[in-house]
Amino acid sequence: MSDAQDRAWAELSDRFLWDVPRGEAETSVEPGAVADLTAVYGRSAPLIVEIGSGQGHAIIHAASSRPDVNFLAIEVFRAGLARTMLDADRAGVSNLRLAEANAPEVLQHLLPAASVDEIWVFFPDPWHKKKHTKRRLIAPEFTDIALGALRPGGRLRLATDWEDYAKQMRTVLDAAHGFARDFDGDWAERFEGRVLTAFERKGSRVGRDIRDLTYVTDSV
């Protein structure tokens, strides 16, 4: 990490970083470690979770724009979390927490069941080499975990600039129990709540189309 990121980690972790009970691995979550969200955020409010928050551009913008909502950024790369804390402090947001942990374990073990209003997965690692595609996050086992975390009528929002991954996402979610399309046609409209980041601009510049998908859980 840079010197600024080191300072942010040392000075801001107490304010932003979730003290996650660990399992055996460094970024694991102890099974059964269900959190009290009202205690974590100091209030009761809708919860939006971003998986793979990177340097935090999207979620800081969202948290600044929607102070009535609680936001959780999940990321395993410490430098990205440190940058997020630094920028969140500069933006003066108080409704954001960060978890340095494996996202499926956060959804399954840390968050109470049916406590999340929306899950965002924007530009996840595409693992574009054929031998690595099995590592992709959006797979049938993930949809079961996401369904358990989302409240009835909650939404799963996805975006990617890799066409084959977008098609895989759509195939997996179309077949997933408890999820239904929240869009017409082949792809969803671009989610207006997603700030346009340098990463997305780069994908567009090299000719990759950005594809959005939105799915909603059963309301009962």
Side-chain angles (χ1 to χ4, degrees), residues 1-31 33-43 45 47-67 69-111 116 118-128 132 135-137 149 157 159-161 193-203 205:
M1 296 197 293
S2 68
D3 289 343
Q5 289 169 330
D6 277 330
R7 287 195 300 272
W9 192 265
E11 297 171 5
L12 300 173
S13 290
D14 286 347
R15 192 193 318 172
F16 292 107
L17 192 66
W18 202 324
D19 185 15
V20 178
R22 300 298 182 188
E24 295 182 1
E26 184 178 1
T27 56
S28 64
V29 179
E30 183 182 355
V34 181
D36 180 344
L37 295 180
T38 301
V40 170
Y41 288 92
R43 65 177 186 176
L47 177 63
I48 293 177
V49 176
E50 182 181 16
I51 293 174
S53 53
Q55 297 187 36
H57 300 305
I59 202 161
I60 291 171
H61 177 269
S64 300
S65 304
R66 302 178 65 181
V69 174
N70 292 335
F71 287 87
L72 173 62
I74 306 175
E75 180 57 72
V76 294
F77 295 108
R78 184 166 290 191
L81 290 169
R83 173 62 184 271
T84 302
M85 285 190 278
L86 188 62
D87 289 348
D89 179 56
R90 290 170 177 167
V93 300
S94 60
N95 55 332
L96 173 64
R97 300 292 182 271
L98 284 62
E100 183 186 23
N102 297 323
E105 294 183 50
V106 172
L107 298 182
Q108 191 171 23
H109 302 307
L110 188 62
L111 296 177
V116 181
E118 294 189 10
I119 295 173
W120 296 351
V121 187
F122 299 149
F123 305 99
D125 193 328
W127 295 105
H128 57 276
H132 291 155
R135 301 181 185 179
R136 288 174 171 175
L137 176 67
R157 298 187 185 276
T160 182
D161 57 344
R194 189 177 79 248
V195 65
L196 185 62
T197 64
F199 183 89
E200 185 172 346
R201 290 191 186 96
K202 180 181 178 181
R205 280 200 306 270

Are [X] and [Y] side-chain neighbours, meaning at least one heavy-atom pair lies under 4.5 Å?
| X | Y | value |
| --- | --- | --- |
| Leu111 | Leu37 | yes |
| Ile119 | Leu107 | yes |
| Glu200 | Arg194 | yes |
| Thr27 | Val20 | no |
| Arg157 | Glu118 | yes |
| Ile48 | Arg66 | yes |
| Asn102 | Val76 | yes |

Practice problem: Quick one: which residue pairs count as a salt bridge (charged side-chain N to carboxylate O under 4.0 Å, His left out) with a foot in residues 71-86, not counting sequence neighbours? | Solution: Arg78-Glu100, Arg83-Asp87
Nearest heavy-atom neighbours spanning [X] and [Y]:
| X | Y | result |
| --- | --- | --- |
| Pro21 | Leu110 | CD-CD1, 4.1 Å |
| Ala82 | Ala8 | O-CB, 3.7 Å |
| Ser28 | Ala25 | OG-O, 2.7 Å |

Exercise. Kindly compute the distance separating CG (Leu72) from CG (Asn95), expressed to the nearest 0.5 Å.
Key: 11.5 Å
Exercise. Before giving the answer on side-chain contact (heavy atoms from CB on, under 4.5 Å), spell out for Leu17 and Leu12 the whole-Å C-alpha distance, their side-chain angles and the decisive distance to 0.1 Å.
Key: CA-CA 8 Å; Leu17 192 66; Leu12 300 173; over 6 Å; no
Practice problem: Determine whether the side chains of Arg97 and Asn70 contain a donor N or O and an acceptor N or O closer than 3.5 Å. | Solution: no
Exercise. Start with the C-alpha distance between Ile74 and Glu50, add both sets of side-chain angles, then the distance that settles side-chain contact (heavy atoms from CB on, under 4.5 Å), and finish with yes or no.
Key: CA-CA 6 Å; Ile74 306 175; Glu50 182 181 16; over 6 Å; no
Quiz item: Residues in side chain to side chain contact (heavy atoms under 4.5 Å, CB included) with Ala88, at least two apart?
Solution: Phe16, Ile60, Val93, Leu96
Exercise. Walk me through it: do Leu98 and Thr84 pass the test side-chain contact (heavy atoms from CB on, under 4.5 Å)?
Key: CA-CA 9 Å; Leu98 284 62; Thr84 302; 3.9 Å; yes
Practice problem: Please collect all side-chain hydrogen bond (donor to acceptor under 3.5 Å, both in side chains) contacts where either partner lies in residues 4-22, sequence neighbours excluded, each pair once. | Solution: Ser2-Gln5, Arg15-Asp89
Quiz item: Tyr41 side chain to Phe71 main-chain N or O, any donor-acceptor pair under 3.5 Å?
Solution: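 Yes, Tyr41 side chain to Phe71 backbone: donor-acceptor pair under 3.5 Å.
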